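Computation of the quantities below employed the complete heavy-atom set of this structure, encompassing side-chain atoms and omitting hydrogens, waters and symmetry-equivalent molecules. Order of the sequence lines sets the chain letters (A, B, ...), proteins ahead of strands, with each chain counted from 1. These figures come from a predicted structure and were not determined experimentally.
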There are 2 protein chains.
Amino acid sequence: MDEERHRYLEEFGLLFGQFGLSRMLGRVLGVLMVSDPPERTAEELAEDVGASRGSISSATRSLVQMGIVQRWSRPGERRDHFRVRPGAWHEIMRREAAALRNFREMAERGLDLLNSQNPDARRNLEEMRDFYAYWEKEMPVILERWEREEER
Amino acid sequence: MDEERHRYLEEFGLLFGQFGLSRMLGRVLGVLMVSDPPERTAEELAEDVGASRGSISSATRSLVQMGIVQRWSRPGERRDHFRVRPGAWHEIMRREAAALRNFREMAERGLDLLNSQNPDARRNLEEMRDFYAYWEKEMPVILERWEREEER
DNA sequence: CGTAACTTTCAATAATTACTGAAACATCAA
DNA sequence: TTGATGTTTCAGTAATTATTGAAAGTTACG
């Protein structure tokens, strides 16, 4: 694994770090993305990202649990193999779409808490609530259109 | 400031923490959202969130710099006041839309790096690139529609 | 069974990030 | 200019989060 590839993995990790996942998850996902063939054993992952077996174990567990990575094993072999699931990116975005609900609900709780008739004071929370309700409605539409276009 | 309100601020902060901003930015934004009237001085913010002046100073600076919060002062008064800008939520989403580009570019760099003809190995990166290119195109459309609907 | 190959768990610790508070800086009015 | 009021900066420290590595757990096979 050369210098350029290590830099790529680190930046892939940082991108995911900014975005909310952990850096290690990003690095592991990065290796799986640029692997040829596109799968790796836990041991290979540990070597490629330069991390301990323990870290790899917890990163792969999270990625599998999130539906981003698949684990599989050939019968009669002790080693597990990991690969990125087709549709992984769609799944990541679907999670973001689901999180919009938390923002809308936070706005609604704020309005209850504020409990004021002053329209000036309510305006920001109403805007927040309406904005996230709008996105909650629109994102699934765009996600579905992508799925239909992928099927062709 | 009662117990319920403090819990709200803490959860508002956590929501923003998960989402990528700092918890303190979230707490400060939370206070400004549920204030009546909807503005606060730095001193009031410090008291409401229970943080030091220094923390408030850096949080408000970031929020202003991001275009989420406005700072203003009445002539002949030394104190600055802060309030949430109308359109703040739109601005936050616009930033997310802009970040999609980083994901597409990461996929493109990965394809260069992989430099393999094996279609199986290229598939994940191609999917990533196409998926984020699609969102890069679609998000501005939805953001603009919101703006048009707001104007009415 | 027992052993080797491999994985997971989790307490300890390293690395990172958030926060404070006091000093420096800025602004207003007399 | 001075003093009072208010804000920012930043070095130090606290709090949090990420990571390791060794022990415990699993699985395949003879």
Side-chain angles (χ1 to χ4, degrees), chain A residues 1 6 9-32 39-66 68-83, chain B residues 1 6 9-32 39-66 68-83:
Chain A
M1 175 123 329
H6 267 120
L9 296 184
E10 194 52 32
E11 291 179 29
F12 207 106
L14 284 170
L15 187 59
F16 275 78
Q18 290 167 3
F19 157 87
L21 299 185
S22 88
R23 210 175 285 195
M24 185 60 79
L25 260 61
R27 290 193 285 244
V28 168
L29 191 53
V31 179
L32 292 174
E39 67 222 15
R40 282 281 188 267
T41 65
E43 186 183 8
E44 288 167 337
L45 290 174
E47 191 185 338
D48 289 350
V49 314
S52 71
R53 301 300 171 84
S55 294
I56 298 302
S57 172
S58 87
T60 51
R61 183 154 43 86
S62 299
L63 289 168
V64 167
Q65 196 267 318
M66 294 172 76
I68 295 172
V69 159
Q70 264 175 337
R71 143 183 264 140
W72 55 292
S73 42
R74 291 184 247 252
E77 204 188 354
R78 265 173 292 234
R79 253 177 306 196
D80 283 338
H81 296 252
F82 298 93
R83 62 155 76 130
Chain B
M1 175 121 331
H6 267 119
L9 296 184
E10 194 52 34
E11 292 179 28
F12 207 106
L14 284 171
L15 187 60
F16 276 78
Q18 291 167 5
F19 156 87
L21 300 186
S22 89
R23 212 174 283 196
M24 185 60 80
L25 259 61
R27 290 193 286 244
V28 169
L29 190 53
V31 179
L32 292 174
E39 67 221 16
R40 283 281 187 265
T41 64
E43 186 183 8
E44 289 167 335
L45 289 174
E47 191 185 338
D48 289 349
V49 314
S52 70
R53 301 301 173 84
S55 295
I56 299 301
S57 172
S58 87
T60 50
R61 183 155 41 89
S62 299
L63 289 168
V64 167
Q65 196 267 319
M66 294 172 76
I68 294 172
V69 159
Q70 262 174 338
R71 142 183 265 140
W72 56 291
S73 42
R74 291 184 248 252
E77 204 188 353
R78 264 172 292 232
R79 253 179 305 198
D80 283 337
H81 296 252
F82 298 94
R83 62 156 72 129

Inset, instruction - Assign a letter to each nucleotide of nucleotides 24-30 of chain D from its 5' end: B, base within under 4.0 Å of a protein heavy atom; S, sugar-phosphate only; -, no contact. - result: ---BBS-
Legend entry - nucleotides 13-22 of chain C: protein proximity per nucleotide (B base, S sugar-phosphate only, - neither; heavy atom, under 4.0 Å): ----SSSBB-
Nucleotide [N], atom [atom2] - distance to [atom1] of [X] in whole Å:
| X | N | atom1 | atom2 | result |
| --- | --- | --- | --- | --- |
| B/Arg40 | D/dT7 | CZ | P | 14 Å |
| A/His81 | C/dA5 | NE2 | C1' | 13 Å |
| B/Phe82 | D/dT8 | CZ | C1' | 11 Å |
| A/Leu45 | C/dC6 | CG | P | 14 Å |
| A/Glu44 | C/dA5 | CD | P | 17 Å |
| B/Asp80 | D/dG6 | CG | P | 11 Å |
| B/Glu10 | D/dA15 | CD | P | 14 Å |
| A/Ile56 | D/dA18 | CD1 | C1' | 13 Å |

Legend entry - side chain to side chain donor-acceptor pair (under 3.5 Å) partners of A/Ser52, counting only residues at least two apart: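 Testing A/Ser52 for side chain to side chain donor-acceptor pair (under 3.5 Å), a comparison that skips the adjacent residues, returns A/Ser55.
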Inset, instruction - To the nearest 10°, let me know how far the axis at one end of the helix from C/dC1-D/dG30 to C/dA30-D/dT1 is tilted from the axis at the other, five pairs an end. - result: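 Rounded value for the end-axis angle: 20°.
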Distance check, rounded to the nearest 0.5 Å: [X] atom [atom1] versus [Y] atom [atom2]?
| X | Y | atom1 | atom2 | answer |
| --- | --- | --- | --- | --- |
| B/Leu32 | B/Ile68 | CG | CD1 | 11.0 Å |
| A/Leu45 | A/Arg40 | CG | CZ | 7.5 Å |
| A/Thr60 | A/Leu29 | OG1 | CG | 12.0 Å |
| B/Thr41 | B/Glu47 | OG1 | CD | 9.0 Å |

Legend entry - A/His6 side chain to A/Asp48 backbone, donor-acceptor under 3.5 Å: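 Yes, because the side chain of A/His6 sits within donor-acceptor range (under 3.5 Å) of the backbone of A/Asp48.
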Inset, instruction - Sequence neighbours left out, what passes salt bridge (charged side-chain N to carboxylate O under 4.0 Å, His left out) with B/Arg78? Give chain and number order. - result: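 Scan of B/Arg78 (salt bridge (charged side-chain N to carboxylate O under 4.0 Å, His left out), adjacent residues dropped) gives none.
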Legend entry - Test side-chain contact (heavy atoms from CB on, under 4.5 Å) applied to A/Arg61 - qualifying residues, sequence neighbours left out: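 If we apply the side-chain contact (heavy atoms from CB on, under 4.5 Å) test to A/Arg61, skipping adjacent residues, the hits are A/Ser58.
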Inset, instruction - Let me see the working for A/Val31 and A/Glu44 under side-chain contact (heavy atoms from CB on, under 4.5 Å), right down to the final yes or no. - result: CA-CA 10 Å; A/Val31 179; A/Glu44 288 167 337; over 6 Å; no
Inset, instruction - Take A/Glu10 and A/Arg23, measure what side-chain contact (heavy atoms from CB on, under 4.5 Å) needs, and give me the verdict at the end. - result: CA-CA 8 Å; A/Glu10 194 52 32; A/Arg23 210 175 285 195; 3.8 Å; yes
Inset, instruction - Just say parallel, tilted or perpendicular for the rings of A/Phe16 and A/Phe12, cut-offs at 30° and 60°. - result: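 Rings of A/Phe16 and A/Phe12: parallel, as their planes differ by under 30°.
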